[in-house]
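Order of listing sets the numbers, starting from 1, for every ligand and every atom in it.
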Amino acid sequence: MKNFAMIGVLVLVMIGLFVARNVLIRSASDEPGGARPARKRVMLITVGTGGMSGVYYKVGGAIQQVLNARKGAYGLNVSYQASRGSVYNINAVLSGDIDVGVCQADRQFQAYQGEGEWQATGARKELRSICSLYPEAVTLVASDKSGIRTVSDLKGKRVNLGAPGSGDRGNALAVLKALGIDPEKDLHGEGIKAVESAKLLQDGRLDAFFYTVGHPAAAIIEATAGRRPVRIVPITGVDQMLASSPYYAKTTIAMKLYPKAANQEDVPTFGMLTTLVVSEKASEDMVYSLTKALFENLDEFRSCNPAFANLKAENMARDGLSAPIHSGALRYYREAGLLQQ
Ligand code: GLU
């Protein structure tokens, strides 16, 4: 009797395994468009993004969504990881730790030219660009109670300037320098990850924080939605710095995106584009497929986050790219008529 029961269980398990295997095979070839894709070797790639409360992390999610649903067509399987941000991503792409990095256009320029954080290492001429994405704004968030209404009011306050490896930190330091504020002597500067800033501001352990980010950003929704009233502070008086840098542009932060903030009029500041970078050594086929997948499915990518809603293919293939465009991306841009070279 016992033996019969055992055989019965065994048969059931085998039937179960057979069905599961068939379902898996079917779902692997169930791709949008319905057509059975040509078999293609799938390459695993990693994308370095930013903190989980920023927009870079959403870029990673959107790239994964678009590509992994179409592995058969483009041959790429994407995984993405949280990271410290622009500076970390550029260095990680160059050292081969990740395949693709999200970074600010100003950091891309500086790395390629050997400026800013790359002064010590020298120009990283092996950096390559793929495309630009949406604009980011240098954003100063302060508790209402701190009385901070301009950048000069930061004197004597506890301010998160951004963690090492982020793109934010360089922007905060540049703004302070342009306005004659010494971050060592004139204020209590912190180097905390952006993901922690909102809570620290709400807890009263920070008076303000800088964050270079696209809008709306989860970190700023969180910072402005707490018990303590929080405002976004204008960054002005830096015209000379903007004029001497090809990648900066004046912009405003639309406060309708943060309805719980203490100030509701749009806030003037400056910003730059977000870009995607790789190393010169990245495989031409990989970069070609990634670029093609993004551009051929731009509608879906746009719909992944409000910050991506206005992306335009012509601008993405042209603006904010100070490192040479990678040969794989160039191949796609020529094929698609996006570049005439
Ligand atoms: N701009 C920031 C940085 O480079 C990241 C912003 C984000 O994660 O959206 O570190």
Side-chain angles (χ1 to χ4, degrees), residues 46-64 80-94 97-98 100-112 115-118 124 127 129-141 160-175 190-198 209-224 232 235 245 247-249 251 253 257-258 269-277 301 304-311 320 322-323:
T46 54
V47 181
T49 64
M52 278 154 96
S53 60
V55 184
Y56 287 11
Y57 196 69
K58 310 282 183 197
V59 171
I63 295 178
Q64 183 185 63
Y80 64 103
Q81 62 193 44
S83 95
R84 290 171 171 268
S86 289
V87 175
Y88 173 88
N89 291 341
I90 291 174
N91 291 333
V93 148
L94 294 175
D97 286 342
I98 56 175
V100 181
V102 189
C103 75
Q104 296 173 198
D106 50 352
R107 302 290 163 256
Q108 184 188 133
F109 181 96
Q110 290 175 333
Y112 191 74
E115 294 176 10
E117 311 231 13
W118 291 272
R124 305 303 309 262
L127 188 65
S129 60
I130 299 182
C131 64
S132 58
L133 297 168
Y134 58 91
E136 293 183 64
V138 181
T139 308
L140 176 57
V141 187
N160 185 20
L161 304 172
S166 71
D168 328 328
R169 191 169 177 84
N171 294 128
L173 293 173
V175 166
E190 301 282 1
I192 304 165
K193 284 185 187 170
V195 70
E196 291 169 29
S197 291
F209 68 87
F210 280 93
Y211 196 12
T212 303
V213 72
H215 293 286
I220 299 175
I221 295 175
E222 188 191 337
T224 52
I232 299 188
I235 299 178
S245 316
Y247 33 75
Y248 291 137
T251 183
I253 299 168
L257 298 172
Y258 303 107
T269 181
F270 70 99
M272 75 299 294
L273 289 167
T274 307
T275 66
L276 290 185
V277 289
F301 190 86
C304 290
N305 191 276
F308 311 156
N310 298 319
L311 292 180
S322 36

Q) If you measure only the distance, is there a donor-acceptor pair under 3.5 Å linking the side chains of Tyr134 and Asn310? A) no
Q | Interfacing atoms of ligand 1 (cut-off 4.0 Å, heavy-atom, Ser166) | A | 10 (O)
Q | Glu136 and ligand 1 - part of the residue with a heavy-atom distance under 4.0 Å | A | side chain
**Q.** Identity and distance of the protein heavy atom lying nearest atom 9 (O) of ligand 1
**A.** Val55 N, 2.6 Å
**Q.** Check: Val277 and Cys103 side chains under 4.5 Å, non-hydrogen atoms
**A.** yes
(Q) Please list the nearest protein heavy atom to atom 6 (C) of ligand 1 with its residue and the distance rounded to 0.1 Å. (A) Thr212 O, 3.3 Å
**Q.** Aromatic ring pairing Phe308/Phe301, orientation class (parallel under 30°, perpendicular over 60°, tilted between)
**A.** parallel
Q: Could you list the atoms of ligand 1 found under 4.0 angstrom from a heavy atom of Gly54?
A: 7 (C), 8 (O), 9 (O)
Q) How many angstroms lie between atom CZ of Arg84 and atom CG of Asn91, to the nearest 0.5 angstrom? A) 12.0 Å
Q: Check Tyr211 against ligand 1 and report side chain, backbone, both or neither, counting heavy atoms closer than 4.0 Å.
A: side chain
Q | Exercise: do Glu196 and Asn160 side chains pair donor with acceptor under 3.5 Å | A | no
Q. Quick one: do the Asn171 and Tyr248 side chains pair a donor with an acceptor below 3.5 Å?
A. yes
Q: Select the closest option to atom 3 (C) of ligand 1 among Ala137, Gly170, Gly167, Cys103, judged by heavy-atom distance.
A: Gly167
Q.
Starting from atom 4 (O) of ligand 1, what is the nearest protein heavy atom, named by residue and atom, and what distance separates them?
A. Ser86 OG, 2.5 Å
Q) So is Gln104 polar-close to ligand 1, meaning N/O to N/O under 3.5 Å? A) yes
Q: Tell me which protein heavy atom sits closest to atom 2 (C) of ligand 1, plus the residue, atom name and distance to 0.1 Å.
A: Asp168 OD1, 3.1 Å
Q) What's the spacing between Thr224 OG1 and Ile232 CD1 if we round to 0.5 Å? A) 6.5 Å
